[in-house]
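Lettering of chains follows the sequences in order, A, B, ..., and the numbering in each one begins at 1.
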Number of protein chains: 2
Amino acid sequence: MEMTLNLEVRKQRRVSARPDEGSGSSAGQELLTQLRLDIVNNLFAPEAKLKFADLTKRYGLGIGTLREALSHLVSEGFVTLDSGRGFRVAPVSEADLIEITEHYVDFEKRALADAIRHGDDEWEAGIVASYHRLNIIHELPWEERMLRHSEWVERHREFHEALVAACEARWLLRLRSLMYYQSERYRFLSKMSRNKNGSRKAIEHRAIVEATLARDTDKATRLLERHIRETAETVLANFEKRSKAS
Amino acid sequence: MEMTLNLEVRKQRRVSARPDEGSGSSAGQELLTQLRLDIVNNLFAPEAKLKFADLTKRYGLGIGTLREALSHLVSEGFVTLDSGRGFRVAPVSEADLIEITEHYVDFEKRALADAIRHGDDEWEAGIVASYHRLNIIHELPWEERMLRHSEWVERHREFHEALVAACEARWLLRLRSLMYYQSERYRFLSKMSRNKNGSRKAIEHRAIVEATLARDTDKATRLLERHIRETAETVLANFEKRSKAS
DNA sequence: CAGGCGCTGACTTTCGAAAAAACATGCACT
DNA sequence: AGTGCATGTTTTTTCGAAAGTCAGCGCCTG
């Protein structure tokens, strides 16, 4: 039972001018991104009800705008809507995680192969740059790394996006992106146990970058697949622990 | 310059009570379905601007509701939104058609295989029933078949949905459904040349049903794949003709 | 005591007015 | 003629009030 001491997080509208804020300009677009992020980061529990009264306070936006974003997220599968009784955060399940991982691995491998086929210098530069940005956080002492976790998440996503950026199959990219966010939602669950894996991940990333820049499709996709599957298995293990506890 | 004699198409709100209207109950859900249908059936040209002034008149619903549905369709890929300058119908292209077909074939085959693995009696009954419903229209004289074309489209979709209904992989179904609607959008372009193919399609459908009910996964998926690829190629041919004309 | 009826409060859904932004048009000035 | 500014028009975006819906509770009745 939670009191009404909901401090309003961002009341001032985009006041004067910021050239571009985040990805899209309009408030609705920002909201969409933010809301997706907040769900992915489990700020709302799965199956939690998303009441407009709360949301308007939390995001400082009107009901209509909220509704629009929620509707978008419904078709991305982050939110469910049963008519007449509002929106809820989509549920999670072991079976879902397994299936999502399977699709994600498949899409990501194909997209990477296509990117390697078509990538140009700019693409390579993008990979190196985003890898570097990611690594800066990776090499931080543990405490600070935890503090800037959300930044790590963002850079990790950008890194993987950079890898496949040169893929010319637009729908493949789209589907990949969908599944990426979905698995990110589960990945959060293993935040705690990433201690010992932290440095291994860094090594894996480097290996993937090297194979990719060498245009070794086979090796790159193989490494990428293992990279993804490993994290998924960690999450799965946590999941089982969790459901045993209940 | 158009006078204000715009007869309102559906002013009376769902007056008293219809147990369920269409698929979802709330006006917004209906609108979503209708709008998707209208785009798939090329009632709006690709890249056409979707102005709220027009849409509110056409569908008799408020701006907010429209916006919500449009936002949903954006993430399904039927509509694009660039911030500040509104919604447009998503463009079409040969490359898109090819890619969509590839994904669709892949998903549909896997879903069918899974359905065959898990399907029960109810599933079989559903297939037979929807096949029958589809066939009733198929056997109509040509003129009436044309008149009831939108009904044919609906039954055709229901038939293919029935085939994969027993598939237990929820995301696979979801992705399949997405791609189904996308390819339907292109399929419309070959409406004219379906004359000679009409009866062949019927035969193909029957063969698919038989192989499926016999649980012959290999045969069923092979037939299904050819079925899909054939229509796609017809569309592609029309597409080339069309772009040569311009 | 079970079942029906209607009231109540919480929440959702729908709407269109009002503010903001983009676009078009014309005018002035170089 | 071309460029830049000012003005008016169209279209989008945002908002919250009003209507509608649902679930739970108490009350009445058979």
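- If you take CD of A:Glu30 and P of D:dT13, they are 14 Å apart, rounded to a whole angstrom.
- In this structure, A:Ser26 does not reach the D:dT13 phosphate: none of its side-chain N or O atoms is under 4.0 Å from OP1 or OP2.
- Salt bridge status for B:Arg88 with B:Glu47: absent, with no side-chain N to carboxylate O gap under 4.0 Å.
- B:Leu66 has its CG atom 15 Å from the C1' atom of D:dT14, to the nearest Å.
- Between B:Glu68 atom CD and D:dT13 atom C1' the separation is 15 Å, expressed in whole Å.
- Rounded to an integer number of Å, the gap from A:Leu61 CG to D:dG16 C1' is 13 Å.
- Under the side chain to side chain contact (heavy atoms under 4.5 Å, CB included) criterion, A:Leu81 pairs with A:Val74, A:Phe87, B:Gln29, not counting sequence neighbours.
- Listed by first and then second residue, the salt bridge (Lys or Arg N to Asp or Glu O under 4.0 Å) pairs involving residues 96-106 of chain A are A:Asp96-B:Arg170, A:Glu102-A:Arg229, A:Asp106-A:Arg110, A:Asp106-B:Arg110 (not counting sequence neighbours).
- Per the geometry, CZ belonging to A:Arg88 stands 13 Å off C1' belonging to C:dT12, to the nearest Å.
- One interatomic measurement links the two molecules: CD of B:Gln29 to P of C:dT12, which rounds to 15 Å at whole-angstrom precision.
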Protein-nucleotides 10-12 of chain D N/O pairs closer than 3.5 Å?
| unit_1 | atom_1 | unit_2 | atom_2 | d |
| --- | --- | --- | --- | --- |
| D:dT11 | OP1 | B:Lys51 | NZ | 3.0 |
| D:dT12 | OP1 | B:Lys49 | NZ | 2.7 |
| D:dT12 | OP2 | B:Phe52 | N | 3.4 |

Hey, can you pull the donor-acceptor pairs under 3.5 Å for the side chains in residues 119-126 of chain B, sequence neighbours left out?
| unit_1 | atom_1 | unit_2 | atom_2 | d |
| --- | --- | --- | --- | --- |
| B:Asp120 | OD1 | B:Glu122 | N | 3.4 |
| B:Asp120 | OD1 | B:Trp123 | N | 3.1 |
| B:Trp123 | NE1 | B:Ala162 | O | 3.2 |
| B:Trp123 | NE1 | B:Leu163 | O | 2.9 |
| B:Glu124 | OE2 | B:Arg215 | NH2 | 2.7 |

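- Counting only residues at least two apart or on different chains, the salt bridge (Lys or Arg N to Asp or Glu O under 4.0 Å) pairs with a member in residues 59-69 of chain B are A:Arg67-B:Glu68, A:Glu68-B:Arg67.
- Here C:dG16 presents its P atom at 17 Å from OH of B:Tyr59, a figure rounded to the nearest Å.
- Taking the salt bridge (charged side-chain N to carboxylate O under 4.0 Å, His left out) definition, one finds that B:Glu76 meets it with B:Arg36, sequence neighbours left out.
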